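Keep in mind the model is a prediction, meaning the values are calculated, not measured. Numbering starts at 1 and runs along the sequence shown.
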Amino acid sequence: MDKIYYYKLVRVDIRGKVGKRSKTFFSFENDLEVGHTYLHLGSGFPGLQLVLSVTVEELGN
């Protein structure tokens with residue numbers, strides 16, 4: 001069964017200041033870890049992004 005991963009992200013500047021608004025990023029692979037910072041995740045997610053949480057949804061066939 002396939003899964004989709006929804007990551008709640010918030011933008012962070014190089015000084016460590018965390019943004020106020022979060023965004024949701026989704027992926028079919030579980031390749032991000034909660035608490036880690038990632039750079040340039042794609043269109044709409046420029047700069048440093050901090051992963052706050054992850055939600056997994058099963059896709060039924």
Side-chain angles (χ1 to χ4, degrees):
M1 212 175 239
D2 293 328
K3 296 179 183 179
I4 189 166
Y5 299 89
Y6 293 97
Y7 298 97
K8 186 175 180 182
L9 306 174
V10 68
R11 191 158 180 192
V12 180
D13 69 8
I14 58 173
R15 292 179 211 97
K17 184 178 177 185
V18 178
K20 293 181 181 179
R21 289 175 283 196
S22 64
K23 291 176 110 177
T24 302
F25 174 80
F26 70 92
S27 175
F28 292 104
E29 297 181 16
N30 187 16
D31 51 358
L32 304 180
E33 293 185 34
V34 175
H36 288 210
T37 305
Y38 295 91
L39 184 64
H40 301 298
L41 289 175
S43 180
F45 299 93
L48 295 170
Q49 303 288 331
L50 174 65
V51 180
L52 300 176
S53 65
V54 62
T55 305
V56 182
E57 181 180 326
E58 298 273 340
L59 298 176
N61 290 336

Tightest non-hydrogen contact, residues L32 and Y38, listed as CA-OH, 3.5 Å
Does the side-chain contact (heavy atoms from CB on, under 4.5 Å) test come out yes or no for Q49 and R11, once each step is laid out?
CA-CA 5 Å; Q49 303 288 331; R11 191 158 180 192; 4.1 Å; yes
Indicate, with yes or no, if V54 and V10 share a hydrophobic cluster defined by side-chain heavy-atom contacts under 4.5 Å among Ile, Leu, Val, Met, Phe, Trp and Tyr.
no
To the nearest 0.5 Å, atom OG of S53 lies from atom NZ of K8 at 5.5 Å
Return yes when atom CG of L39 has more than 12 non-hydrogen atoms of other residues, nucleotides or ligands closer than 6.0 Å, and no otherwise.
yes
Would you say L41 ends up clustered with L50 if hydrophobic residues are merged whenever their side chains have heavy atoms under 4.5 Å apart, either directly or through other cluster members?
no
On a heavy-atom basis, the closest approach of Y6 and E57 is CE1-OE1, 3.3 Å
Of all heavy-atom pairs linking L52 and V34, the shortest is O-CG1, 3.3 Å
Look at the rings of F45 and F25 and say which category their plane angle falls in: under 30° parallel, 30 to 60° tilted, over 60° perpendicular.
perpendicular
Decide whether V12 and Y7 are clustered together by the hydrophobic rule: side chain heavy atoms of Ile, Leu, Val, Met, Phe, Trp, Tyr closer than 4.5 Å, transitively.
no
Would you check if the side chain of K3 reaches a backbone N or O of N30 as a donor-acceptor pair within less than 3.5 Å?
no
In terms of relative ring orientation, are F28 and F26 parallel, tilted or perpendicular, with 30° and 60° separating the classes?
perpendicular
Single-linkage hydrophobic cluster, 4.5 Å side-chain cutoff, V56 and L9 together:
yes
For P46 versus G44, what's the shortest heavy-atom pair and its separation?
CD-C, 3.4 Å
